[in-house]
Protein chains: 2
Amino acid sequence: MAEDLQCLKVIALMGGCRGPVFFSSQTLGASLSTSPQTASRRLQSLERQMLVTRSVGPGGQYIAVTQKGEDELRREYAEYSRVFGREGVQCLLNGHVITGLGEGRYYMSLEPYRLQFQRHLGFAPYPGTLNLRLNPSSIPHRKKLDTLEWIPIHGFRAEDRTFGEARCLPCRIGDIRCGIVVPGRTHYPEDIVELVAPVGLRAALSLKDNDIVTVEVDYD
Amino acid sequence: MAEDLQCLKVIALMGGCRGPVFFSSQTLGASLSTSPQTASRRLQSLERQMLVTRSVGPGGQYIAVTQKGEDELRREYAEYSRVFGREGVQCLLNGHVITGLGEGRYYMSLEPYRLQFQRHLGFAPYPGTLNLRLNPSSIPHRKKLDTLEWIPIHGFRAEDRTFGEARCLPCRIGDIRCGIVVPGRTHYPEDIVELVAPVGLRAALSLKDNDIVTVEVDYD
DNA sequence: ATTACTAGTAGACGAGTAA
DNA sequence: TTTACTCGTCTACTAGTAA
């Protein structure tokens, strides 16, 4: 419900995403321009939806936004970002080369995937991916990218197996055009980035494990 | 009203900020998970609030978000940005040195202003500002900065005159800590940036008019 | 197909009250 | 002071209908 989301946003503005914040229904009502009763009902509603956790004490209550609540807010933020934010995003992700599980090589060899990458990225993907572990300071930048418009890569069925969907974001390493690929809807480690490119990046850039790489995303 | 804002956002997502978009109440209702009747009433409500302009035709209507509507959405976007956006904003503004009106030098010599800059930026401002005209490609980045939390610089009265308020955003040129200063509430040219610093930037960096300067804003 | 009205209903609101 | 209940009102919804 829209009103609940507004309320959740106000709590987040008070710092509710970083830890419990203390306030009364009256205070919240003032921020929302409603009565304390309505503010109180909103908090109960948010708790029922598991968007916040509450601990009612004397003179007010401690409220913290849950992970589910934060996800909800980030979804909303991403929508606004699609309206305004796409101009002027500029990101440098720093990380070091790690050895992946070799799945990338397999998936990139499958025609249905190859064709989709070819069509949307403008190049045929090299059969293999480069895996990076991001520098911790790059993780916020990585999160920010989720608000951009990713290219959807659709799954398919073949030989009695289903191959999952994924999403892809165009980027660069120096002058080489690449794409960040994130598989499926499963939770993916936030510090890992998997890259497709028209060439074998390890060979082209003479990379070995632990070498530092900078990935550039410009979106303007 | 929260519901109206949600509706406005959906219209913006369809491209309503860039020009009129054509759709029916049913389509809109589907996006909002409401009946066509409610969607229709929402549109009437938005029109009454002058947040959109409408032109009803056969089989649907053309809707465009007005400037007032876009301002409303940007306000909301800025609030979400204050929750999430402050992590991982990284901006490089490129521009060339121009000669200002010399007002900066005067204002920076006034004690009430000087003290506020000193307190919030951590340095005493050099009496004088450096004016840059931004490269057009930097203007989107400049706009993005408006969603961050600026330091408010308060106005004051002295000698029968009022001195206006301003806002300031910490930044860097290389290793020199600076601040972007934007005066008052008046509309300021979007391609001009005025900088305060602890030193005279022209002298310190041997700058003359038309020299290229890169201003860095990191906010994490 | 639309938009926009009317009618009936369901749900949300604020006031009052108890703990 | 708080929170959270009940109660009466009123707004906002969906369904149906006309243009």
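Below, chains carry the letters A, B, ... as their sequence lines are ordered, and counting in each starts from 1.
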Between [atom2] of [N] and [atom1] of [X], the distance in whole Å:
X: A/Gln37; N: D/dT9; atom1: CD; atom2: C1'; answer: 14 Å
X: B/Tyr62; N: C/dT3; atom1: OH; atom2: C1'; answer: 16 Å
X: B/Leu32; N: D/dC13; atom1: CG; atom2: P; answer: 11 Å

Any residue in [range] with a heavy atom nearer than 4.0 angstrom to DNA chain C? Just list them by number, or reply none.
range: residues 39-52 of chain B; answer: B/Ser40, B/Gln44
range: residues 4-13 of chain A; answer: none
range: residues 20-29 of chain A; answer: none

### Those residues that, when tested against B/Arg177, pass salt bridge (charged side-chain N to carboxylate O under 4.0 Å, His left out) (two or more places apart)
none

### salt bridge (charged side-chain N to carboxylate O under 4.0 Å, His left out) involving B/Glu3 - partner list, sequence neighbours excluded
none

### Query
Has B/Arg161 got its NZ or CZ under 6.0 Å from the middle of the six-membered ring of B/Phe163, at an angle within 45 degrees of the ring axis?
yes

#### Entry: Polar contact flag, side-chain donor to acceptor under 3.5 angstrom, A/Ser45-A/Gln49
yes

### Query
Is there a donor-acceptor contact under 3.5 Å linking the side chains of A/Gln6 and B/Glu79?
no

### Task
Mind checking the OG1-CG spacing from A/Thr34 to A/Leu28? Nearest 0.5 Å is all I need.
6.5 Å

### Message
So A/Glu3, base contact, sugar-phosphate only, or nothing? Heavy-atom distance under 4.0 Å.
### Response
nothing

#### Entry: Ionic contact status for A/Lys9 with A/Glu76, cut-off 4.0 Å
no

### Task
Look at A/Lys68 together with A/Glu72 and state whether they make a salt bridge at an N to O cut-off of under 4.0 Å.
no

### Task
Assign the ring pair A/Tyr113 / A/Tyr107 to parallel, tilted or perpendicular, where the plane angle (0 to 90°) is split at 30° and 60°.
perpendicular

### Query
Looking at residues at least two apart in the chain, or sitting in another chain, which of them share a side chain to side chain contact (heavy atoms under 4.5 Å, CB included) with A/Arg142?
A/Leu93, A/Leu134, A/Leu145, A/Asp146, A/Trp150, A/Arg167, A/Val182, A/Val193

### Query
Given C/dT2, is OP1 or OP2 found less than 4.0 Å from the side-chain N or O atoms of B/Gln61?
no

### Query
Looking at A/Pro36 and A/Gln26, what are the two nearest heavy atoms and their distance?
CG-NE2, 3.9 Å

